[in-house]
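Below you'll find the structure, written out as structure tokens, and then a few comments.
Numbered from 1 within each chain, the chains take letters A, B, ... in sequence-line order.
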2 protein chains.
Amino acid sequence: MARPHTALLDRDRITAAALELVDQTGDFTVPALARRLGVQTASVYHHVEGRAGIVELLRDWIGRQMDFSPLELQPWDAAMAGFARSYRAAFAAHPRLVTLLATSTVRSPAVITAYERMATVLAEAGFPHEDVIAVLTALENFILGSALDLAAPAVMWEVPDGVDAPGLTSFLAAAPQGTDRADRAFELGLQSLLGGFRALLKG
Amino acid sequence: MARPHTALLDRDRITAAALELVDQTGDFTVPALARRLGVQTASVYHHVEGRAGIVELLRDWIGRQMDFSPLELQPWDAAMAGFARSYRAAFAAHPRLVTLLATSTVRSPAVITAYERMATVLAEAGFPHEDVIAVLTALENFILGSALDLAAPAVMWEVPDGVDAPGLTSFLAAAPQGTDRADRAFELGLQSLLGGFRALLKG
DNA sequence: ACCTGAACACCGTTCAAGT
DNA sequence: ACCTGAACACCGTTCAAGT
């Protein structure tokens with residue numbers, strides 16, 4: 001074939017195919033990607049910088065799925081809650097993407113801009129300047145951990161044979177199941193964290 | 001050679017070698033592991049159930065590094081804080097292990113027992129039984145996210161070229177650097193989360 | 001500029017053969 | 001029971017050759 005008149009490949013098509021593979025299998029390989037796109041493996045390398053480049057495409061993509069308009073809410077803790085929910089919701093739609101992107105350095109322009117806005121909001125709310133980053137990091141850690149929880153199997157704690165954990169077992173039975181379980185833990189944790197942040201402002 | 005009189009391999013030696021590789025390179029492969037142990041790749045498979053089995057060995061190992069004696073502290077929130085610090089400290093000693101184990105299902109007998117104790121402590125402290133799991137999950141999510149933060153490069157937010165984030169940049173400069181940065185965020189988040197949990201008990 | 005086919009070093013896993 | 005050597009299917013990446 002060699003160079004066709006209309007390109008067979010572009011970064012958007014690569015991103016979409018990679019996302020499908022991750023959604024379906026939890027991971028992706030370059031050959032599987034090429035197969036799905038009806039193209040040779042080597043062709044993919046003309047559009048991205050290796051497999052790592054495809055992971056970066058996915059990282060950018062998920063950043064662009066987030067709705068950051070809640071950042072304009074008042075007061076500051078409503079903005080923060082809205083941001084956190086939007087962040088987690090993007091991953092909730094593609095839970096298996098989380099493990100792939102779980103290294104925490106944030107580079108995505110959209111997400112950086114969102115954190116810039118959050119930082120400003122926190123400073124205006126009266127948080128000491130030297131604490132702003134710690135507050136944001138703590139929130140980010142909680143969101144990321146909660147996103148990972150979405151990718152986990154239905155049960156978070158699996159009591160192995162020979163281990164006696166009657167309390168845990170009965171509380172697991174009393175707790176919400178399925179999607180509700182992760183949602184409930186996220187909301188309870190988010191409210192608690194924000195409540196704690198509010199207390200910091202007064203202290 | 002074939003079967004030697006004293007076995008060349010056992011699960012402990014495999015675990016130790018895998019841990020060294022992860023500490024040094026951030027990952028491990030079975031051939032590299034075998035090389036380090038002076039053994040053929042195939043030999044490893046007589047002692048573990050594939051590469052996944054080695055990951056399980058590491059998961060068990062890290063669980064056994066945690067000191068759960070703080071769980072006996074009074075009151076309940078001191079126990080919870082001690083547990084969280086012990087959990088994170090184990091990963092702090094081997095930060096690159098976190099990504100490898102970041103899927104959240106907990107199976108390790110030691111860690112399950114610790115959560116059993118936590119669950120009991122929370123119920124005795126007065127938390128509604130249907131909320132116990134959500135409280136534990138929220139804490140676990142925060143700890144896991146914070147552990148991932150330990151494996152991240154020094155900078156959590158990397159402002160890319162062309163993006164303007166003056167606030168974030170200046171707050172990053174005002175915040176603690178290096179190890180202190182992650183420690184500070186963890187402690188601030190932990191205190192906030194526990195503060196929020198305390199408020200739940202009163203409401 | 002973009003796609004192909006072939007090549008390379010590497011990985012996870014299995015298995016018959018040896019003690 | 002435990003280790004080896006060889007084999008297999010697979011992966012990430014490169015590169016010369018074609019349009």
Note every stem involving DNA chain D: at least three consecutive Watson-Crick or G-U wobble pairs, i with j then i+1 with j-1, with both distances under 3.5 Å. C:4-8 with D:12-16, C:12-16 with D:4-8

CH2 of Trp76(A) to CZ of Phe197(A), rounded to nearest 0.5 Å, is 7.5 Å

Should Ser43(B) be listed as having a side-chain N or O under 4.0 Å from OP1 or OP2 of dC2(D)? no

Just how far is it from atom CG of Leu57(B) to atom CD of Glu49(B), taken to the nearest 0.5 Å? 10.5 Å

Any side-chain N or O of Gln40(A) under 4.0 Å from OP1/OP2 of dG5(C)? yes

Would you call the rings of Tyr115(A) and Phe83(A) parallel, tilted or perpendicular, taking 30° and 60° as the class edges? perpendicular

Please tell me which of the listed nucleotides, dG12(C), dC3(D), dC3(C), lies nearest to the side chain of Thr29(B)? dG12(C)

Are Arg85(B) and Asp183(B) close enough for a salt bridge, meaning some N to O gap below 4.0 Å? no

Using whole Å, what does the distance between atom P of nucleotide dC3(D) and atom CG of Leu8(B) come to? 5 Å

Go through Leu8(B) and Leu37(B) one step at a time and tell me if the side-chain contact (heavy atoms from CB on, under 4.5 Å) criterion holds. CA-CA 8 Å; Leu8(B) 295 175; Leu37(B) 290 162; over 6 Å; no

Rounded off to whole Å, could you give me the OH-to-C1' distance for the Tyr45(B) and dA6(D) pair? 15 Å

Considering only heavy atoms from C-beta outward, does the side chain of Glu116(B) approach that of Asp164(A) to under 4.5 Å? no

